[in-house]
Amino acid sequence: AARPLSGRKVVITAGPTFEAIDPVRGLTNRSSGKQGYAIAQALADLGAEVTLVSGPVFLDAPQGVRRINVEAATEMQAAVEAEMAAHSVDVAIMSAAVADWRVDNVATGKIKKAPGGAPALHLIENPDILAAVSKSGPLRPKLVIGFAAETSDLEANARAKLSRKGCDWIVGNDVSQDVFGSDANAVILFTRDSAESWERQSKRDIARRLAQHITRHFKAHP
Ligand code: CTP
């Protein structure tokens, strides 16, 4: 098979993050990781050297992909930064559903139920990994791709996210339809000056299509 991405280094985040409340509890979300894992597989199949930084999911690591397991957003960010510091990364794809907030006052022991009320959780904002990677100066990957999960105004929200975060492409996802945990997805790929709709199809086919786009990009901009 043709391996047009051989020699290209890719970092992909996928899945949810898990933000601890205490040693036995945490905050997380419904991301299955399926779309990110499919992208990792599609790029590895084209010869890319892929590192997948994954939150907790119920999926096997794709063939030929190096997986780093993380839980919290801060760990995910550290793993991505370590990867970028270790070697020059060509493509970063941030598909993870990173928790926007984490618990500030994580309890060291299990919080016990006590008469007189429920504990208060104080939340603080997590770092924005996509924005940080997009603004990483000399280490910035040549191509930085984000995702935008929106329930309304997909085009306007995705375009705003593209410029706010400083990435190159955004995969816009209409999550008012059945997406979470599903094997199918419908997206719009936004670049700085174009938009392309991809009708509902398997996450594997979406991934292959994105991989083709990336291949074409590097043919045009070696
Ligand atoms: N993202 C990230 N780090 C965060 C939050 C988001 O890397 N702390 C990335 C996601 O992986 C995705 C993109 O940013 O590629 C958009 O995530 P989304 O949750 O849709 O955007 P938010 O920044 O949370 O914006 P909003 O709450 O306005 O939708």
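Here the structure is a predicted model, which means the values were calculated and not measured. Read the numbers this way: they start at 1 and go in the same order the structure lists the ligands and their atoms. Hydrogens, waters and symmetry mates play no part in the numbers below; they use all other heavy atoms, side chains included.
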Side-chain H-bond candidate by donor/acceptor type, Glu83 with Thr51, under 3.5 Å:
yes

Under a 3.5 Å cutoff, is there a donor and acceptor pairing between the side chains of Ser31 and Asn29?
no

Checking Glu19 against Thr17: is there a side-chain donor and acceptor pair closer than 3.5 Å?
yes

Take Trp101 and His122 through the ring-ring contact (aromatic ring centres under 6.0 Å, His included) test and state the conclusion after the steps.
CA-CA 10 Å; Trp101 309 281; His122 185 250; over 10 Å; no

Do any nitrogen or oxygen atoms of ligand 1 lie under 3.5 Å from a protein nitrogen or oxygen, and which ones?
from, atom 1, to, atom 2, distance (Å)
ligand 1, 3 (N), Ile129, N, 3.0
ligand 1, 7 (O), Ile129, N, 3.4
ligand 1, 7 (O), Leu130, N, 2.8
ligand 1, 8 (N), Pro127, O, 2.8
ligand 1, 11 (O), Met94, O, 3.1
ligand 1, 11 (O), Ala96, O, 2.7
ligand 1, 14 (O), Lys165, NZ, 2.9
ligand 1, 15 (O), Met94, O, 2.5
ligand 1, 15 (O), Phe147, N, 2.8
ligand 1, 15 (O), Phe147, O, 3.3
ligand 1, 20 (O), Lys161, NZ, 2.7
ligand 1, 21 (O), Lys161, NZ, 3.2
ligand 1, 23 (O), Lys165, NZ, 2.6
ligand 1, 24 (O), Asp100, OD1, 3.1
ligand 1, 29 (O), Lys161, NZ, 2.9

Verify the ring-centre separation between His217 and His221: is it less than 6.0 angstrom?
yes

Side chains of Tyr37 and Ser54: any donor to acceptor distance under 3.5 Å?
yes

